[in-house]
Structure formats: C-alpha cells, structure tokens
Amino acid sequence: MKTLALIAHNNKKTELLNWVKNNQEALRGYKLIGTTNTSKMINDLLDLNIEAFGHGPSGGDILLAAQILQGQIDKVIFFIDVETPHGHEHDIQTLIRTAVINNIPIALNRSSADQIVK
C-alpha cells in the first residue's frame, strides 16, 4: 500500500479537511500519515485513520523529509499558506525540495491534490 502524507498550514486546514471529505474513497487506498494537528483534526471529524508523525513547526516537516529520503513516502499533499510568514520556512522549503529531488509527487493546492489521487 502506498503512503500519502497530508499536511496543511493553520489557515488551510479547513480547506484540506473539505478536500479529504470529498476524496475519502480514493484516500482509503493509501496508508495515510499527517502532521499532528492536521491528522488529529481529520481523524476527529472523518472516519479515516491518519497516523500522526510530528508537529510541523516543531520539526514535523523535517521528519517527513527524512521519511522521503528513507523511501517511506510515495506522495505528499501539503496545503500551504503562502500569504502568512512561517517561522519554520526553511523546514518547509527543505520538505518541498526533498520531494522534488526524490521525484515524489507533491501537491501544494486543491487542484494538484486532485491530480495526485486520481
């Protein structure tokens, strides 16, 4: 089973939740992991079992990049908020760069997320 990581910045969590709700059936075919707050929000509201791996600003983005390097991640969906500064911007860029270098599909918005799961 392929592993799909789900991440969303605070201002994008509701958008990701709505996207997940609309794509539940497709997502059931994946092992799902997510940052702590994102996975908790989705697990509390939907019948999905998303395994938490760490809080983004506290190193979760780097933990995910490490999992990509270890060949444990197949796809990433990261609804980013480009309008708000983030103290861990370097970690975010490291995650995106790691996915790109390792040829891991990474969706940064709803439209690209739709393409990844179809």
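Side chains included, hydrogens not; waters and symmetry mates left out as well; all remaining heavy atoms used. No experiment lies behind these values; they were computed from the predicted model shown.
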- More than 12 heavy atoms of other residues, nucleotides or ligands under 6.0 Å from CG of Asp47: is that the case? no
- Give the C-alpha distance, both sets of side-chain angles, the deciding distance and a yes or no for side-chain contact (heavy atoms from CB on, under 4.5 Å) between Met41 and Leu17. CA-CA 8 Å; Met41 176 195 66; Leu17 175 65; 3.7 Å; yes
- Item | N/O donor-acceptor pair under 3.5 Å between Asn23 side chain and Ala26 backbone | no
- Any donor-acceptor N/O pair, Asn43 side chain to Ile50 backbone, under 3.5 Å: yes
- Message: Within the 4.5 Å heavy-atom criterion, are Lys31 and Ile33 side-chain neighbours or not?
- Response: yes
- Query: Is Leu6 reachable from Ile106 through a run of hydrophobic residues whose side-chain heavy atoms are each under 4.5 Å from the next?
  - Reply: no
- Query: Which atom pair, heavy atoms only, marks the closest approach of Lys12 to Ile80?
  - Reply: CE-O, 3.4 Å
- Message: I'd like to check Val117 versus Ile77 (side-chain heavy atoms, cut-off strictly below 4.5 Å). Are they in contact?
- Response: yes
- Taking all atoms of both residues into account, what is the closest heavy-atom pair of Ala113 and Phe79, and its distance? CB-CE1, 3.8 Å
- Item | Gap separating the OG1 atom of Thr35 from the CG atom of Asp61, nearest 0.5 angstrom | 7.5 Å
- Task: Flag yes if Leu16 and Ile7 sit in one hydrophobic cluster, no otherwise; membership is Ile, Leu, Val, Met, Phe, Trp, Tyr, and two members link when side-chain heavy atoms are under 4.5 Å apart.
- Result: no
- Side-chain donor-acceptor pair present, Ser111, Asp114, cut-off under 3.5 Å: no
- Note on the structure: Rounded to the nearest 0.5 Å, the CG atom of Asn37 sits from the NE2 atom of His9 at a distance of 12.0 Å
- Determine the minimum heavy-atom distance between Leu46 and Gln24, stating which atoms define it. CD2-NE2, 4.0 Å
- Note on the structure: In short, Arg110 meets Glu15 closest at the heavy-atom pair NH2-O, 3.8 Å
- For Met1 and Arg28, the nearest pair of non-hydrogen atoms, with its separation, is CE-O, 4.4 Å
- Note on the structure: Paired with Val76, the side-chain contact (heavy atoms from CB on, under 4.5 Å) test is passed by just one of Leu108, Ile104, Ile116, namely Ile104
- Transitively linked via ILVMFWY side-chain contacts under 4.5 Å: Ile73 with Leu27? no
Show the atom names and distances, to 0.1 Å, of all donor-acceptor pairs under 3.5 Å that link a side chain in residues 94-103 to residues at least two apart or in another chain.
| from | atom 1 | to | atom 2 | distance (Å) |
| --- | --- | --- | --- | --- |
| Thr94 | OG1 | His90 | O | 2.9 |
| Thr94 | OG1 | His90 | ND1 | 3.2 |
| Thr98 | OG1 | Thr94 | O | 2.7 |
| Asn102 | ND2 | Thr98 | O | 2.8 |

- Query: Are Leu32 and Trp19 co-members of a hydrophobic cluster defined by side-chain heavy atoms under 4.5 Å apart?
  - Reply: yes
- Transitively linked via ILVMFWY side-chain contacts under 4.5 Å: Ile42 with Phe53? no
- Please say whether more than 12 non-hydrogen atoms of neighbouring residues, nucleotides or ligands are located less than 6.0 Å from NZ in Lys75. yes
- Only one of Asp44, Thr38, Thr36 clears side-chain contact (heavy atoms from CB on, under 4.5 Å) with Lys40; which? Asp44
- Partners passing side-chain hydrogen bond (donor to acceptor under 3.5 Å, both in side chains) against Gln72 (at least two apart in sequence or in another chain): Gln70
- Would you find a donor on one side and an acceptor on the other, under 3.5 Å apart, between the side chain of Asp74 and the backbone of Leu4? no
